[in-house]
K.L.:
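To start, I am sharing the structure in question, which I have written as structure tokens.
Quick caveat, the model's predicted, so the values are computed rather than measured.
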Amino acid sequence: MHGSPTPPAFDGTLSTISVDSMVEIKRSDLGSQDALAASGSSEGSSDDSKYRLIYSKSKVYVNPTAYARDNIPGFVALVKKEAAQPVYLLAWIPESLLNEKGPTEWDKFVKVEEHAYTSDEDEDAVLIDLPVQRPESYAFSVPLTSIYSLIVNPPSLSSWYGSIAINLISGSTLPTLHFHDDESRSFTMPAKSPIEPRPMSYPPPPSESGPKSSTWGGEDLLAKLKSYCHILRSCLQSNLYLIDPSREDIETHSTPLFADDAVDDILAQSSYANSHSPIPAHRRPRPLSTASGSYSERSSILHKSLSPVSSSSAAASPARMALLQSFSHITRHAAHAAQQILSHPLAKPIVPHLPDPVKSLVNANGDLEWGSWVEKGGVGEFESARVYLARWARIVAEEGERARLREAQALPAGTSDLAEEDSSLGIFELLQSATNLPRPKSSRDPKHPLNEKTWRSWFDPEGTPKVRKEEMRREIFRKGIEPSIRKEVWPFLLGVHDWTSDSAKRAQDWEGKREKYRFLKDEWWGVPEVFERPDVIEERHRIDVDCRRTDRSQPLFAQTAPSAEDTENEKGMHMRYSTISPQLGDIGAQAPTNEHIERLASILLTYNFYEKELGYVQGMSDLCAPIYVVMGGDEEMTFWCFVQVMERMKHNFLRDQSGMKKQLSTLQQLISVMDPELYRHFEKTDGLNLFFCFRWILISFKREFPFDDVLRLWEVLWTDYYSTQFVLFVALAVLESHRDVILRYLVEFDEILKYCNELSMSIELDSTLAQAEVLFLSFSQLVADIDRKEAESASSAKNLRQRRAGSVSAAPADTSAPSKRAIISDDLRELLKAGQ
């Protein structure tokens with residue numbers, strides 16, 4: 001190398017040194033005055049102690065370890081160093097370093113973040129001092145010219161937060177930045193853009209005005225970087241962004257060698273399209289399009305090499321077939337050569353930096369088989385063989401379980417109890433030999449649900465209940481409710497009717513609730529100035545679309561013929577043609593409506609006015625529709641039952657998803673305590689976020705069971721007999737029922753997600769609830785056993801200290817208690833709280 005190193009760039013622990021455009025990361029002990037020095041600068045004047053801050057974003061984390069407690073929050077910033085040739089630097093500064101400079105320096109970063117979209121770089125310049133260095137800091141600052149590429153991973157089902165990894169020209173990689181947008185000021189502070197008037201039409205037109213906001217912090221940063229450098233998104237790897245790419249990089253990453261539709265068109269002309277193939281017919285390449293200019297608008301090299309095909313040349317000529325076969329041989333030999341080179345041990349260090357399509361050639365055994373090549377090329381979307389195998393194993397296991405049930409029913413009476421218990425719960429050993437606790441038994445008896453005779457016997461002649469509320473909840477949890485009396489029982493179970501009141505008091509209270517519902521509905525029903533407000537139009541449209549596609553297999557919602565309009569009542573006429581949509585046809589939705597769908601939508605729109613802070617959120621129609629069916633179309637009773645359900649589940653629909661995050665986190669902890677092996681498997685497969693359980697918990701398994709089973713499940717959950725969060729034990733029971741299949745066959749997160757989604761409508765409810773009950777009782781025993789041992793340990797340690805004051809022998813007893821106490825967190829202990 002030529003030249004001498006220039007002053008290093010800012011980093012507490014990591015610093016950048018430029019040597020002829022090469023930047024390396026190294027540990028250094030720099031003074032604070034060198035903290036943000038740009039690479040490539042040979043000057044060290046006092047003016048360099050101040051830099052112009054032109055962009056800032058808070059709550060951008062660096063994760064030094066896999067544990068969330070070690071995450072370091074900070075600011076990502078763009079800094080400009082004034083010079084004849086200005087130098088722009090990308091920096092990450094931890095909050096701890098800014099705190100050392102005091103509130104003034106912190107306020108500068110906050111100010112720039114809040115005015116990111118309104119202030120120009122040359123207006124209201126913000127100059128920052130250099131923060132004091134700390135050795136444990138992961139801070140960095142590098143010139144944009146020293147950055148080679150960015151790996152951008154947006155938020156997805158497998159990660160709550162998006163991230164950006166920064167690769168330098170030298171080949172080094174800076175700490176990955178994780179954007180916690182739910183904490184960042186730029187995403188949480190209210191928008192300041194003025195509200196422009198919108199036309200009062202239905203359905204509401206898409207917004208064409210207003211600021212174009214970013215969907216996440218990384219996208220916002222990329223948009224800002226584009227003002228100071230050229231950014232090219234690679235065609236070879238969708239999440240790779242090149243910074244100021246060279247001519248060779250542009251040629252390599254801007255034009256793909258071939259596109260998926262080009263491969264389809266070639267195969268459609270070849271003999272392969274009509275040959276016998278293991279690929280199903282619906283997955284084979286589509287026929288060639290005869291549209292004019294079909295190739296002229298395509299950008300891949302392979303497309304450009306193909307000449308337009310006229311409709312008269314349906315059969316491929318021998319010359320064309322020979323050309324395609326030659327191309328096939330070239331491709332195969334090139335792939336084979338690449339495979340041999342990249343599989344060599346000396347090539348191992350560079351493999352992680354290669355694009356995904358090239359990585360796929362590494363360690364392939366022998367020639368690439370046709371089916372594998374087709375799948376990787378996008379011609380066929382083959383599902384993972386492991387998912388098929390897992391599904392087959394599940395079917396076999398379920399069939400074996402049914403056979404065991406039949407055998408148990410045929411056993412003599414003397415042995416039937418034990419056999420029935422084992423067959424209904426299967427092999428269910430969660431409390432291992434380490435804890436000598438007895439195995440709990442399920443108390444459920446779903447074959448004898450609560451009937452009308454028993455229900456009537458619970459009330460005296462004045463309608464006052466003769467049994468305690470706890471007993472009512474216990475019986476419903478154990479047995480369920482006969483469908484014929486659900487309409488009467490559910491209002492008591494949900495708390496619409498006070499359990500301790502008599503008939504007269506309940507009737508009086510109910511009349512008050514009916515009046516309140518009519519008052520709420522009159523806020524919008526027949527009031528055009530409210531009904532046609534832009535914000536109400538948006539809510540109407542969302543509710544309309546959701547209601548038209550919810551539970552359409554139910555008789556009440558399956559009707560499509562509208563009822564006759566009420567021409568005598570002006571208010572009624574208004575409701576008939578515009579309760580939610582302008583007409584009773586297909587306007588603004590996917591399917592025809594009817595009277596009951598309109599009523600369901602009216603209930604949800606009224607709830608939007610009742611719960612103004614939360615409003616309507618997608619998924620609420622799934623919770624309201626079954627209640628409407630059970631109540632036989634009673635609008636007022638459906639509304640108040642739905643209100644009570646939402647009081648239980650409101651946290652599921654918070655905009656920031658904090659309620660769902662907390663529940664999934666609690667379920668994760670529960671799995672770690674009850675089934676450590678399954679927890680470790682999820683950890684290996686990046687499945688600890690438990691997104692495959694998200695839909696289960698969000699709407700209480702509404703889409704996982706048949707409609708009648710959903711009603712039975714919900715009334716069990718509403719009892720809160722064991723726990724107000726019993727749905728988490730139901731989710732754990734489903735996972736435990738399939739744990740062997742998951743552990744044996746599913747080794748990728750996507751496979752687990754696909755497998756769990758396909759469990760819908762195949763889960764047996766009664767055995768799942770029995771397993772959930774046993775799981776809860778096992779968990780309760782485990783917590784009690786841990787608490788008992790902790791109390792004994794603390795008591796013995798106290799006695800030991802009293803007998804041997806000052807002796808070090810008491811120390812081991814003191815240190816053992818905290819380690820066991822940490823196993824059961826406060827979130828887990830909340831699972832033991834039953835309803836009041």
Side-chain angles (χ1 to χ4, degrees), residues 60-72 150-167 173 175-182 216-218 237-240 351-357 359-360 362-363 376 381-391 657-658 660-698 728 731-732 734-736 738-759 827:
V60 178
Y61 284 71
V62 165
N63 302 345
T65 69
Y67 299 100
R69 64 174 179 267
D70 297 330
N71 295 352
I72 305 174
L150 305 175
I151 303 295
V152 181
N153 295 308
S156 64
L157 285 177
S158 59
S159 176
W160 286 113
Y161 304 112
S163 65
I164 292 182
I166 304 171
N167 302 315
T173 300
T176 300
L177 304 179
H178 299 266
F179 292 78
H180 289 224
D181 295 330
D182 55 348
W216 68 289
Q237 187 173 344
S238 60
N239 64 341
L240 175 64
V351 169
H353 303 283
L354 297 175
D356 289 339
K359 289 182 186 177
S360 65
V362 182
N363 294 329
K376 292 181 183 296
E381 299 177 0
F382 288 120
E383 296 175 344
S384 170
R386 284 190 294 268
V387 177
Y388 280 119
L389 190 59
R391 191 181 306 139
Q657 294 189 338
S658 57
M660 287 300 301
K661 290 180 182 179
K662 183 177 185 295
Q663 291 184 88
L664 291 176
S665 174
T666 304
L667 179 57
Q668 179 193 107
Q669 298 174 54
L670 185 62
I671 295 172
S672 70
V673 171
M674 301 297 289
D675 195 343
E677 183 181 4
L678 185 62
Y679 178 88
R680 288 191 294 270
H681 183 74
F682 287 153
E683 190 174 28
K684 292 178 182 177
T685 58
D686 293 328
L688 282 182
N689 51 50
L690 302 181
F691 271 107
F692 39 84
C693 303
F694 189 94
R695 186 177 69 186
W696 299 355
I697 298 171
L698 178 68
L728 298 186
L732 180 58
V734 174
L735 293 176
E736 288 298 326
H738 299 270
R739 72 182 299 273
D740 291 340
V741 172
I742 293 173
L743 292 174
R744 179 172 298 182
Y745 300 107
L746 307 179
V747 298
E748 298 289 344
F749 169 77
D750 291 342
E751 295 172 354
I752 300 176
L753 179 65
K754 182 177 180 60
Y755 179 83
C756 289
N757 284 341
E758 291 179 350
L759 292 178
D827 290 341

K.L.:
How long is the straight-line distance from NE2 of His681 back to CG of Leu743, given to the nearest 0.5 Å?
P.N.:
5.5 Å
K.L.:
Side chains of Thr176 and Ile164: closer than 4.5 Å at any heavy-atom pair?
P.N.:
no
K.L.:
Run the numbers on Thr685 and Leu746 for side chain to side chain contact (heavy atoms under 4.5 Å, CB included), then give the verdict.
P.N.:
CA-CA 9 Å; Thr685 58; Leu746 307 179; over 6 Å; no
K.L.:
Which distance, rounded to the nearest 0.5 Å, do you find between the CG of Asp740 and the OH of Tyr745?
P.N.:
9.5 Å
K.L.:
Mind checking whether Phe749 and Phe692 have parallel, tilted or perpendicular rings, split at 30° and 60°?
P.N.:
tilted
K.L.:
If you define the side chain from C-beta out and look only at heavy atoms, does anything of Trp696 sit under 4.5 Å from Leu690?
P.N.:
no
K.L.:
Identify the heavy atoms of Lys662 and Asp827 that sit nearest to each other, and give their distance.
P.N.:
NZ-OD1, 3.7 Å
K.L.:
Show the numbers, then the answer: is there a side chain to side chain contact (heavy atoms under 4.5 Å, CB included) between Phe682 and Asp675?
P.N.:
CA-CA 11 Å; Phe682 287 153; Asp675 195 343; over 6 Å; no
K.L.:
I want to check something: taking the side chain as every heavy atom from C-beta on, are Tyr679 and Val673 in contact at a cut-off of under 4.5 Å?
P.N.:
no
K.L.:
If you round to the nearest 0.5 Å, how far is NE2 of His738 from CG of Leu759?
P.N.:
4.5 Å
K.L.:
Quick one: are Ile697 and Leu667 in side-chain contact, heavy atoms under 4.5 Å?
P.N.:
yes
K.L.:
What are the two closest non-hydrogen atoms of Asn71 and Tyr61, and how far apart are they?
P.N.:
CB-CD2, 3.6 Å
K.L.:
Assess whether a salt bridge exists between Glu736 and Arg739, defined as any Lys/Arg side-chain N lying under 4.0 Å from an Asp/Glu carboxylate O.
P.N.:
yes
K.L.:
Mind checking whether Asp182 and Lys661 have side chains closer than 4.5 Å, heavy atoms only?
P.N.:
yes
K.L.:
Less than 4.5 Å apart, side chain to side chain, heavy atoms only: is that true for Asn689 and Leu664?
P.N.:
no
K.L.:
Could you check Ser163 against Asn63 for side chain to side chain contact (heavy atoms under 4.5 Å, CB included), going step by step and ending with a plain yes or no?
P.N.:
CA-CA 11 Å; Ser163 65; Asn63 302 345; over 6 Å; no
K.L.:
What distance separates Leu240 CG from Ile151 CD1, expressed to the nearest 0.5 Å?
P.N.:
4.5 Å
K.L.:
Nearest heavy-atom pair of Met660 and Phe694: which atoms, and what distance?
P.N.:
CE-O, 3.5 Å
K.L.:
So how far is it from Asp686 CG to Glu748 CD, rounded to the nearest 0.5 Å?
P.N.:
8.5 Å
